[in-house]
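Order of the sequence lines fixes the chain letters, A, B, ..., with proteins taken first and strands second; residue numbering starts at 1 for each chain.
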2 protein chains.
Amino acid sequence: MSEENFEQEHQKALYNLKAELPNDESLAAMVNIFKAFGDMTRVKIILALAETPLSVGEIADTLNMSQSSISHQLSVLKQLNLVSNARRGRNIHYRLSDQHIITIFRQTQEHIIEDENDF
Amino acid sequence: MSEENFEQEHQKALYNLKAELPNDESLAAMVNIFKAFGDMTRVKIILALAETPLSVGEIADTLNMSQSSISHQLSVLKQLNLVSNARRGRNIHYRLSDQHIITIFRQTQEHIIEDENDF
DNA sequence: TTTATATATGAATGGTTGTTCATATATTCA
DNA sequence: TGAATATATGAACAACCATTCATATATAAA
């Protein structure tokens, strides 16, 4: 393709972009999920729940963190429908609401690994 | 499986978890990428660059944001090796460094869509 | 070389967010 | 019922972060 055609195509793409970019509202859901994944505590909670359902206390113990902190973070994850909970005896057990999440994590790890190979 | 066996398995899983959870260092790379995705401006930049390479000014214009703001965010994305840049004439063009990123976005959208179907 | 243009960068600021502390709520056990 | 245990929640604080503003840098054009 000639340089002029390239530039012409580029201008067309640029013109379309402004109209076709998703609006804030439809992006917000995705951004909020990524925000949730952008915290080490929440990621660890998710990775732990990927192995087995756990009570709040068990998570706090496993991650060596306060019960309150874990509870706060679980409520964040729950609001985003990333986890669900159910009482079991005197505890409340949390579980991942969707195995999709782990797929996303794996994909991201792959990106990182391929990135490291660039050096 | 009996209730006792279930509990026994659970305790074993719990015991293993603490040892097998990735440590902070190895999780940090992933968390940092998700942090980068957890901002609407950066997500829009990425979605725009997924269509075509763009100069800083073109991005700023497309997103209706200041040049400075876009430049700051591009430097965040660059540090994470999510984008790369190259001078082209008097502009500097940015491009996605890896199409993997879009796959992750798509995966997340799917999660959201399946989630909506639960109601 | 001077001027204009494109991008980068540092400091300041307002807003967001993760943790802690104290306490409320809810359920089980005695 | 009363005591003990597990979890949730609100307020406060510190740390972090996105944008703006002013300005520096770098390249291209005249």
Side-chain angles (χ1 to χ4, degrees), chain A residues 3 7 10-11 14 24 27-28 30-49 53-80 82-95, chain B residues 3 7 10-11 14 24 27-28 30-49 53-80 82-95:
Chain A
E3 180 66 19
E7 185 52 30
H10 181 66
Q11 287 305 325
L14 187 54
D24 288 19
L27 281 181
M30 185 168 70
V31 168
N32 284 335
I33 287 182
F34 285 137
K35 243 181 226 159
F37 292 170
D39 174 82
M40 186 144 313
T41 300
R42 287 189 292 260
V43 166
K44 284 183 185 171
I45 291 175
I46 289 169
L47 289 176
L49 293 181
L54 292 165
S55 73
V56 179
E58 287 171 332
I59 299 172
D61 181 55
T62 302
L63 305 193
N64 261 309
M65 294 187 62
S66 76
Q67 175 271 320
S68 179
S69 182
I70 298 300
S71 188
H72 276 298
Q73 298 302 357
L74 283 170
S75 92
V76 172
L77 296 175
K78 187 153 185 295
Q79 281 213 317
L80 291 166
L82 295 170
V83 303
S84 64
N85 60 9
R87 184 168 284 274
R88 188 182 173 86
R90 74 167 57 183
N91 301 315
I92 293 182
H93 276 235
Y94 281 78
R95 60 169 64 251
Chain B
E3 180 66 21
E7 185 52 32
H10 181 67
Q11 287 304 325
L14 187 54
D24 288 18
L27 280 181
M30 185 167 73
V31 169
N32 283 335
I33 287 182
F34 284 136
K35 243 181 225 160
F37 293 169
D39 175 82
M40 187 146 311
T41 300
R42 287 189 293 260
V43 166
K44 284 183 187 172
I45 291 174
I46 289 168
L47 290 176
L49 292 180
L54 293 166
S55 73
V56 179
E58 287 171 333
I59 299 172
D61 181 55
T62 303
L63 305 192
N64 261 308
M65 295 187 62
S66 76
Q67 175 270 320
S68 178
S69 182
I70 298 301
S71 187
H72 277 297
Q73 297 302 358
L74 282 170
S75 90
V76 172
L77 296 175
K78 189 154 185 293
Q79 282 214 317
L80 291 166
L82 295 171
V83 302
S84 64
N85 61 8
R87 183 168 284 273
R88 190 183 172 84
R90 73 167 56 180
N91 301 313
I92 294 182
H93 276 235
Y94 280 79
R95 60 169 63 251

Quickly work out the A/Leu74 CG to C/dT19 P distance and round it to whole Å. 12 Å
Tell me which nucleotide among C/dT9, C/dA26, C/dA8 gets nearest to the side chain of A/Arg87. C/dA26
Answer yes or no for this row: B/His72 ring on D/dT19 base, centroids under 5.5 Å, planes under 30°. no
Atom of B/Phe37, atom of B/Leu82 and distance for their closest heavy-atom approach: CE2-CD1, 4.0 Å
Earlier contact from the 5' end, DNA chain C, for A/Arg90 and A/Met65: A/Met65
Looking only at heavy atoms, what is the nearest atom pair of B/Asp39 and A/Val31, with distance? N-CG1, 3.9 Å
For the pair made of CG in B/Asn64 and C1' in D/dT20, what is the distance, rounded to whole Å? 16 Å
State, yes or no, whether a side-chain contact exists between A/Lys78 and A/Val83 at a heavy-atom distance under 4.5 Å. yes
Got more than 12 heavy atoms from elsewhere within 6.0 Å of CD, A/Gln11? yes
Give a yes or no answer on whether the side chain of B/Asn91 reaches the backbone of B/His93 with a donor-acceptor pair at less than 3.5 Å. no
Output yes when at least one side-chain N/O atom of A/Asn91 is less than 4.0 Å from OP1 or OP2 of D/dT5, else no. no
What is the distance from CD1 of A/Ile92 to P of C/dT25, rounded to the nearest Å? 15 Å
Could you check which of C/dC21, C/dT9, D/dT7 has an atom nearest any side-chain atom of B/Ser71? C/dT9
Between B/Phe34 (CZ) and C/dT17 (P), how many Å, whole number? 18 Å
Nearest-angstrom distance from the residue atom NE2 of A/His93 to P of D/dA8: 12 Å
Is any side-chain nitrogen or oxygen of A/Gln67 closer than 4.0 Å to OP1 or OP2 of D/dT5? no
Just checking B/Ser66: base, sugar-phosphate only, or nothing, at a heavy-atom cut-off of under 4.0 Å? sugar-phosphate
How many whole angstroms separate atom NZ of A/Lys78 from atom C1' of D/dA8? 12 Å
Does A/Tyr94 make a side-chain N or O approach to OP1 or OP2 of D/dA8 shorter than 4.0 Å? yes
Would you kindly give the CD-to-P distance between A/Glu58 and D/dT7, to the nearest whole Å? 8 Å
A/Gln73 atom CD is separated from D/dT9 atom P, nearest whole Å, by 14 Å
Closest approach of A/Ser75 to A/His72 (non-hydrogen atoms, all atoms of both residues): OG-O, 2.9 Å
Would you mind telling me which of D/dT20, C/dT17, D/dA8 lies closest to the side-chain atoms of A/Lys35? C/dT17
Identify, residue by residue, the members of residues 37-46 of chain B with a heavy atom below 4.0 Å from DNA chain C, and return them in order of residue number, or none. none
Measure across B/Arg95 and B/Pro53 and return the closest heavy-atom pair with its distance rounded to 0.1 Å. NH2-CG, 3.8 Å
